[in-house]
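Report on the following structure.
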Amino acid sequence: MEETDREAVATAVQRVAGMLQRPDQLDKVEQYRRREARKKASVEARLKAAIQSQLDGVRTGLSQLHNALNDVKDIQQSLIDVNKDWRQSINTIENLKDVKDAVVQHSQLAAAVENLKNIFSVPEIVRETQDLIERGELLQAHRKLMDLECSRDNLMYEQYRMDSKNTHDMNLIHTYFGDMQKLSEELAKQLWMVVQRSLVTVRRDPTLLVSVVRIIEREEKIDRRMLDRKKQTGFIPPGRPKKWKEKMFNILERTVSTRIEGTQADTRESDKMWLVRHLEIIRKYVLDDLLVAKTLLDQCFPPHYDIFNKLLNMYHQALSTRMQELAAEDLEANEIVSLLTWVLNTYKSTEMMGNSELCPEVDVNSLNPLISQNVVDQLLSKYMSTLTSNIIGWLRKALETDKKDWIKETEPEADQDGYYQTTLPAIVFQMFEQNLQVAAQINEDLKTKVLLLCLQQMNSFLTRYKDEAQLYKEEHLKNRQYPQCYVQYMIAVINNCQTFKESIISLKRKYLKIEMEDTLSSSHASMDATLDIIAKEGCSSLLDEVFMDLEPHLNELMTKKWLMGSNAVGTICVTVEDYFNDFAKIKKPYKKTMTIEAHRRVVVEYIRAIMLKRISFKNAEERKEGAERMIKEAEQFRFLFKKLAAGSGEDTEGLCDIIEAIAEVIKLTDPSLLYLEVSTLVSKYPDIRDDHIAALLTVRGDASRDMKQTIIETLDQGPSQPNPNYVPIFKEITVPTLTVPKLLK
């Protein structure tokens, strides 16, 4: 307390010191005193109120404890009195044992008397129940069966209570009611027959189905009651619980499985479309059954049965089992597609589970897959493997068929624009299109894989196509009279290349996503290159055909006969034009290339004839006559190829200019200017070699050996400034090797 007083005094001193820090504050001492007095009075009042409240609470608590103590004493006295009375009544209870036994016996006798009538009428009730079952009055039959079971169960229960170990009497009762068990089994058979045909029965006689459900519900209630009594007494009648509700769902499940399996009416041997037919029947049956279950069957069952969802799960499970069985069979490629299309698309489509009439009870997004992704992948892998073999076989067969057309004695068909063609591109790409359409039914990924496969096999096929076209040419060269329509079919092969190109582009545009195009760029480039090679070799073989016919006339060029007025060039032009009437049925990209190549080869052969030195002009007059003839014939070639290239945009001037330039060298009358003329020729056509110049001078016939040697050596030392647009032509022309040694001697 002293310490507390000291702390209080110290606190008061601090407060006073805080109040009186300045001289002017001394005038307010009385005011401060009154304020502190009021605060002190307020605190003391609150303190007194709090103490008074605590005292009142303590007083109330003590009163309640006193009352509780009195109550405990009263209860203790009552327990003592009860204990005393109980000890005094033990002997009395033991004296009432005989009365207790009599009560039990009376209860059993009362039950026996109560069931006596039923006991004696059991055979008659059994016969009546049997008749009711046979007449189909199942509810009435079940009512009598319940009465019989109730009598038996009550008797057996009383016997169990009296002597649970007396099996003899229990067996006696059981035997007496033995026919009742047969009735129960017979009634169950009738119930299960109705359940099996429930989807049919609900349309024709829904009352019968409702009766069956009511009977099952009665049995379920009896089962529950008997199980409850077993928990209390340990007794349960024989045959309980029957679990008819569980059996009913088992029957429905077996019925659904049988219905799904029974829809296969055909086999692969009897019908190639067996699987498509089988799946379509399943689709129709399942959809019809679920619609009936939703609209009619659901009304015949209590809500807690959830019959529609139960049936939906049963059908889904049965379908899953059946699809797995089908997937495990040795299916062909078209059958794999049919199965996967049905499983992945049809099943959840509006044609089946997604049908608007099944909504909202059926949510297709919540349905599990009918077959696992692993099985799907295995089927797809098998399909791709089979499809690869099939495509290889189809392409080989298509090519063999096309080859047979090549040797026909009739011209190939022409398209709407008049271009020759065979059916090969149409057959190949129709096959690709069909397989891609089928793959698209399954999913985008498979469609892309099939497209890649088709283009991959197309690449290999084009290589075989190129080889066969080459063999076709070689066989023709052995006997140019066979095949009769060689030119026309070779034109068709060339045109097929353009058709293949267009078809590949169309196929990619239709079935390939834009982001996937880069993955096929190299493959596409490879196919284009192969097709260009086939077309180029085809064009070359046709030109070979032309030049084999031209060979006798080409051999007349630059000979004495030619100088004397041979019409070799006229014949060459007529022959080329005649061939190009057929070549007009070559499609434009290749026709233009072929015209250019024909022009180039004619000029090359003409220059080659000059370089072969078949003639050596004797004098200026012959040189003039020969040169003018060369210029005239160059103009004939120019006119011919300008006519053939009409509309193609080809420059037909440059090649014939070479002939005219050579003619100018031959025509030159002043030998002193020969070096200048030859150097001009070399500057224009820098691929001219020394042997070409030597041969040209030999044809002139007036150049001495020394002059030839001087011109050649001087030209070798001079600078060369080739035209960047010039396409070398002299490099293809060889000069007979014997000429050079003779020249150098």
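- Relative ring orientation between F637 and Y606 is described as perpendicular, the plane-to-plane angle rising above 60° on a 0-90° scale split at 30° and 60°.
- Ring geometry for F580 against F641 counts as perpendicular: the plane angle is over 60°, on a 0 to 90° scale with 30° as the lower cut.
- With R480 as the partner, the salt bridge (Lys or Arg N to Asp or Glu O under 4.0 Å) test is satisfied by one option alone out of E545, E475, E551, E474: E545.
- The aromatic ring centres of Y489 and Y420 sit 6.0 Å or more apart.
- Judged by the 6.0 Å distance and 45° axis criteria, R601 is positioned over the aromatic ring of F547.
- For the side chain to side chain contact (heavy atoms under 4.5 Å, CB included) test with F583, the passing option among V546, L644, D578, T595 is V546; the others fail.
- Annotation for K449: atom NZ does not count as buried by contact number, only 12 or fewer foreign heavy atoms lying within 6.0 Å.
- A salt bridge does not link E400 with R396: every distance from a Lys NZ or Arg NE/NH1/NH2 to an Asp or Glu carboxylate oxygen is 4.0 Å or more.
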Derivation of the salt bridge (charged side-chain N to carboxylate O under 4.0 Å, His left out) call for E660 and R638
CA-CA 11 Å; E660 292 177 345; R638 183 180 286 112; 3.1 Å; yes
Set out, in order, the CA-CA distance, both residues' side-chain angles and the distance that settles salt bridge (charged side-chain N to carboxylate O under 4.0 Å, His left out) for K466 and E537, then state yes or no.
CA-CA 9 Å; K466 176 170 71 71; E537 291 179 352; 5.1 Å; no
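- With respect to I442, the side chain to side chain contact (heavy atoms under 4.5 Å, CB included) criterion is satisfied by exactly one of V438, D445, L446: L446.
- In this structure, K408 pairs ionically with D405, as a charged nitrogen and a carboxylate oxygen lie closer than 4.0 Å.
- Using cut-offs of 30° and 60° for the angle between ring planes, the F429 and F432 rings count as perpendicular.
- Checking Y590 against N495 by side-chain atom types alone, no donor-acceptor pair falls below 3.5 Å.
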